[in-house]
Amino acid sequence: METSSKLPNIGTNIFTYIGKLANEYKAVNLSQGFPDFSPDPKLLQLAEDALKNGHNQYAPMQGTFTLRKTISEKIEELHGKSYHPEYEITITAGATQAIFTSISTFVQQDDEVIVLKPAYDCYEPVIELFGGKIVPIQLEGPDFKMNWDTFKSVIGPKTKMVVINTPHNPTGTIWSKSDMLQLQEILKSTNIILLSDEVYEHIVFDGEEHQSAARFPDLASRSIICSSFGKTFHVTGWKVGYCVAPKALMQEFQKVHQFNVFCINHPMQKALTEYLKTPKHYLGLNSFYQTKRDYFLKAIKDSKFKVIPSSGTYFQLLDYSEITDEKDIIFAEKLIRDHKLASIPVSVFNLDARDDRQLRFCFAKTEIVLDQAAQILNTIR
Ligand code: PMP
Ligand code: GLN
């Protein structure tokens, strides 16, 4: 049957493509972002208990109340902002669904949405699907800092939403308090919604703090903040996340959510509620991943790849321009085929596939795998 496409320019995404190639060549896989180690046995036990204790039917549409309440307490403790568990929190099928539902709820035909490039791949197709116009701003390495005059210049009467992501995938940069204050100041006199993707909120390095939009009152009043238990508890396959927003925004979000998924995996919500009650389960993540980052960097210190500093997330960008001038997709494919190492080419996240000869490596891996990857990287000259 023939049909027209609503997304004619979109193909299979990079993670699926590279993942398949990596499997085919049995490559050491530092491409897609997921841990190659098991979650805490305590969390698995809680999941097993929840399955056995009869939590196997629909959860409430917004998520279980106890999970929402626990999330509310956690945010208040960390960021000093109170979200009402009854009206201002929704449990979602990963952050991906929170993002999809947020954009589909608010973006209408010809609305403009500002997206900062490089950008994770799940924002733009949804904006397009709902008739919005993407207004991209390309940030440049090695620090990927925002030029606030450029930012101001693209805001106009049609701007409906701004999407930010800190800590940032793929660059590993984080936004400082001063970045957030600048953003707050610029958005202050507008009706622009901020979609704040904070899935790596607990993976911030070198003693820095995550600057959640929740910490800045005017930003919080216009923000939908998205989080993911997948990243925080090493369970990306559970696909459980959540978002928080002021009541008026959340009410609209839930109108769509209830017909999108209605509700999320019930037993996992039960397990996560219990597990979240011990703050060290998430507060320890910064140093856990900082150790991995440092381990990886030490192991590749004599390689010809240039390190672009990572301040958060479990991603490390490496610049290979001293090795070859080949396009990053070609070089990434070659690394898989000839050297059995998989990574993600950064151009896929950039505006007009801008190619700075950078690859993204995920270091959420065991030391054995990081050693294998480092050995390969060190031989490429
Ligand atoms: N945003 C960013 C920046 C991500 O890296 C990811 C995930 N991998 C997501 C959103 C989606 O998170 P989830 O797996 O919880 O849907
Ligand atoms: N967020 C993961 C990454 O950036 C990928 C998730 C996916 O495959 N969609 O690697």
Side-chain angles (χ1 to χ4, degrees), residues 10-23 29-36 39 63 67 71 90-103 115-127 139 144 163-175 194-204 210 212-213 224-244 257 260-261 264-265 268-269 272 282 285 289 310-317 332 342-350 358-365:
I10 302 277
T12 311
N13 86 352
I14 191 69
F15 306 111
T16 309
Y17 172 66
I18 293 282
K20 190 164 169 278
L21 206 60
N23 280 338
N29 193 353
L30 267 55
S31 62
Q32 195 183 30
F34 64 89
D36 70 347
L67 180 52
I71 290 168
T90 304
I91 311 303
T92 57
T96 309
Q97 185 238 319
I99 291 163
F100 189 102
T101 304
S102 299
I103 295 171
V115 176
L116 315 180
K117 308 285 285 178
Y120 182 59
D121 70 346
C122 83
Y123 316 131
E124 288 154 275
V126 194
I127 298 166
L139 305 182
F144 299 93
V163 184
I164 64 167
N165 170 216
T166 181
H168 185 262
N169 177 8
T171 63
T173 52
I174 54 174
W175 275 24
L194 181 67
L195 180 57
S196 187
D197 179 345
E198 302 186 12
V199 299
Y200 299 102
E201 63 193 315
H202 295 297
I203 315 181
V204 175
H210 171 55
S212 173
I224 308 164
I225 300 174
C226 303
S227 293
S228 170
F229 290 118
K231 315 289 166 193
T232 303
F233 295 143
H234 317 309
V235 287
T236 60
W238 286 17
K239 290 301 285 188
V240 185
Y242 62 90
C243 61
V244 302
H257 173 81
N260 185 3
V261 286
I264 307 308
N265 191 318
M268 297 308 156
Q269 292 191 53
L272 288 163
Y282 47 87
L285 210 60
Y289 275 122
S310 170
S311 307
T313 76
Y314 43 51
F315 299 117
Q316 177 63 59
L317 292 192
S343 60
I344 297 288
V346 175
S347 65
V348 300
F349 305 110
N350 277 336
Q358 293 164 351
L359 299 174
R360 188 198 79 176
F361 292 84
C362 171
F363 55 78
K365 306 293 168 192

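Just so you know, ligand 1 is whichever comes first in the structure, and atom 1 is the first atom listed for that ligand.
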Note to self: Tell me whether F229 reaches ligand 1 (any heavy atom closer than 4.0 angstrom to a ligand atom).
What the structure shows: no
Next item on the list: Return a yes/no value for G33: is any of its N or O atoms, backbone included, closer than 3.5 angstrom to an N or O of ligand 2?
Entry: yes
Margin query: Using a 4.0 Å heavy-atom cut-off, which part of Y120 comes near ligand 2: side chain, backbone, both, or neither?
Written below: side chain
Margin query: Using modelled atom types and a 3.5 Å cut-off, is there a donor and acceptor pairing between side-chain atoms of Q269 and backbone atoms of V240?
Written below: no
Note to self: So for ligand 1, is Y123 a polar contact partner (N or O within less than 3.5 Å, distance only)?
What the structure shows: no
Checklist line | K231 neighbourhood, listing ligand 2 atoms whose heavy-atom distance to it stays under 4.0 Å | finding: 1 (N)
Next item on the list: Just go through A95, G33, S227 and tell me whose heavy atom is the nearest to atom 13 (P) of ligand 1.
Entry: A95
Next item on the list: Can you sort out which atoms of ligand 1 are near N169, meaning under 4.0 Å from one of its heavy atoms?
Entry: 3 (C), 4 (C), 5 (O)
Item checked: Distance-only N or O hit between ligand 1 and T236, under 3.5 Å -> no
Next item on the list: Show which atoms of ligand 2 fall inside a sub-4.0 Å distance from at least one heavy-atom site of N169.
Entry: 3 (C), 4 (O)
Checklist line | Any donor-acceptor pair under 3.5 Å from H210 side chain to G312 backbone | finding: no
Margin query: Tell me the nearest of Y120, F315, F15, Y314 to atom 6 (C) of ligand 1, using heavy-atom distances.
Written below: Y120
